Amino acid sequence: MTPEPLKTDSLHDWLLTPAGQYALAWEQMQCDRAVADVFGFHALQLGMPSLNALQNNRIPHRWLGCNSLPQASTLGSGLLLTASHALPLADGSLDLVVLPHTLELSSDPHATLREVERVLVPEGRLVILGFNPTSLWGIKPRWRHDAQDLGQPIGQWRLRDWLQLLSFEVASNQLGCYRPAFRSERWLQRMAWMDTAGARWWPILGAVYCMVAIKRVRGMRLMGPAWKRPAARQARAVTTASKGME
């Protein structure tokens with residue numbers, strides 16, 4: 001049995017299908033891991049309200065950025081209506097940004113990435129989710145013909161080049177979802193063995209990737225807090241005995 005084409009109009013609709021729920025569950029797990037140890041004061045998830053990318057993060061001020069009012073949001077915090085390529089935020093004001101398929105849906109992904117670089121603090125963390133064009137879902141993307149709103153997949157190496165030009169350092173990259181994009185939940189479950197086999201034998205063919213990058217600033221050296229610096233040694237008087245006093 002071959003996968004049937006998914007007749008959907010948007011990423012939101014596709015995420016409601018069995019294959020979409022399968023991908024969404026994997027992405028949620030990756031985001032939970034990627035943001036767990038990121039600290040700071042401000043974080044932004046840009047797009048895809050169906051995913052609660054920041055739920056496992058302890059940053060106090062978190063926003064969901066969308067270009068229109070979402071049908072449903074699981075973020076449970078502030079909503080920011082904005083275009084991805086023109087964020088109404090000051091330079092270096094965010095500690096963490098998550099882009100769940102945001103670059104694929106952007107009319108100008110380069111501008112979106114430059115804008116994210118602008119608002120991130122030095123050493124700020126960037127998490128990017130995307131579809132892998134070199135996969136079972138990308139090599140023969142029948143499911144995309146009726147889903148133009150899913151955007152244009154961006155290859156991992158192409159994305160790495162873009163990040164490098166903006167002085168980002170890729171810290172990790174995980175791939176998953178090795179099963180075909182079946183419409184049937186039963187067939188998806190029958191192919192569950194492919195996730196284990198794929199991760200071992202053809203890891204680069206995962207349908208979805210989660211890339212984590214860190215904003216580096218050349219010539220900058222992070223200094224620890226003053227209370228962590230070793231205390232200066234105090235001069236001590238040293239008494240020596242002379243031969244005449246023996």
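One is the number of the first residue; the rest follow in order along the sequence. Because the structure is predicted, anything quoted here is derived from the model rather than measured.
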With a cut-off of 6.0 Å (strictly less than), are more than 12 heavy atoms of other residues, nucleotides or ligands near CG of L16?
yes
When rounded to the nearest 0.5 Å, the distance separating CD of Q28 from CG of N56 is 8.5 Å
Shared hydrophobic cluster for V35 and I214 (ILVMFWY, side-chain gaps under 4.5 Å):
no
So that I can tick it off, tell me whether E123 and K215 are bridged by a salt bridge, with the cut-off set at under 4.0 angstrom between side-chain N and carboxylate O.
no
Specify whether F182 and W187 have parallel, tilted or perpendicular ring planes, treating 30° as the upper limit for parallel and 60° as the lower limit for perpendicular.
tilted
Heavy atoms, side chains only, cut-off 4.5 Å: are L11 and S50 in contact?
no
Spacing of I128 atom CD1 and M211 atom CE [to the nearest 0.5 Å]:
6.5 Å
Which heavy atom in S135 sits nearest to a heavy atom in L205, and how many Å separate them?
CB-O, 3.3 Å
Grab the two heavy atoms, one from P100 and one from L51, that are nearest each other, plus how far apart they are.
CB-CD2, 3.9 Å
Polar side chain donor-acceptor pair, Q55 to D32, under 3.5 angstrom
yes
Atom CG of L15 and atom CD of Q21: how far apart are they, to the nearest 0.5 Å?
7.0 Å
Value rounded to 0.5 Å, distance of CG in N132 from CG in L159:
11.0 Å
Counting only N and O atoms by type, is there a donor-acceptor contact under 3.5 Å from the side chain of E185 to the main-chain atoms of P18?
no
Quickly, which of L79, V98, L81 forms a side-chain contact (heavy atoms from CB on, under 4.5 Å) with L64? Name it, please.
L79
With rounding to the nearest 0.5 Å, note down the distance linking CG in L105 to CD in Q152.
11.0 Å
Any idea which heavy atoms bring G206 and Y178 closest together, and the distance?
N-CE2, 3.2 Å
Please examine the side chains of I59 and L54, heavy atoms only from C-beta on, and report whether any two atoms are closer than 4.5 Å.
no
According to a hydrophobic-cluster definition based on side-chain heavy atoms being under 4.5 Å apart (Ile, Leu, Val, Met, Phe, Trp, Tyr only), do L166 and L44 belong together?
yes
What closest approach, in Å, do P180 and L188 show between heavy atoms, and which atom pair accounts for it?
O-CD2, 3.5 Å
Under 4.5 Å between side-chain heavy atoms, counting indirect links through other Ile/Leu/Val/Met/Phe/Trp/Tyr residues: same cluster for V116 and V170 or not?
yes
Report the residue from L175, D161, T134 that forms a side-chain contact (heavy atoms from CB on, under 4.5 Å) with Q156.
L175
State plainly whether one hydrophobic cluster holds both L46 and W162, where clusters connect Ile, Leu, Val, Met, Phe, Trp and Tyr through side-chain heavy atoms under 4.5 angstrom apart.
yes
One should read off an interatomic distance between R179 CZ and W26 CH2, to the nearest 0.5 angstrom, of 13.0 Å
If we only count heavy atoms from C-beta on, is the N173 to R160 side-chain gap below 4.5 Å?
yes
Main chain of A53, side chain of Q45: is a donor-acceptor contact present, judged purely on distance under 3.5 Å?
yes
How close do E104 and I154 get, counting heavy atoms only, and between which atoms?
OE2-N, 4.1 Å
Go through it in stages, so that I can follow the logic: the residues are V208 and F131, the test is side-chain contact (heavy atoms from CB on, under 4.5 Å), and I'd like the CA-CA distance, side-chain angles, deciding distance and then a yes or no.
CA-CA 5 Å; V208 188; F131 291 116; 4.1 Å; yes
Please determine whether the number of non-hydrogen atoms from other residues, nucleotides or ligands lying under 6.0 Å from atom CD of Q189 exceeds 12.
yes
Heavy-atom side-chain proximity of L113 to S106 below 4.5 angstrom:
no
Stepwise, does the side-chain contact (heavy atoms from CB on, under 4.5 Å) test hold for L89 with T82?
CA-CA 10 Å; L89 300 168; T82 178; over 6 Å; no
For atom CZ of R58, decide whether the heavy atoms of other residues, nucleotides or ligands shown that lie under 6.0 angstrom number more than 12.
no
I want to check something: taking the side chain as every heavy atom from C-beta on, are R33 and Q174 in contact at a cut-off of under 4.5 Å?
no
Residues pairing under ring-ring contact (aromatic ring centres under 6.0 Å, His included) where one sits in residues 30-55, two or more places apart or in two chains, turn out to be H42-H61, H42-W63
Considering all heavy atoms of both residues, which atom of W137 and which atom of A19 are nearest to each other, and what is their separation?
CH2-O, 4.1 Å
Linked, directly or transitively: W202 and W157 (ILVMFWY side chains, under 4.5 Å)
no
Heavy-atom distance under 4.5 Å between the side chains of L24 and M48, does that happen here?
yes
Residue pairs involving residues 83-95 (criterion side-chain hydrogen bond (donor to acceptor under 3.5 Å, both in side chains); sequence neighbours excluded)
S84-T112, D91-R118
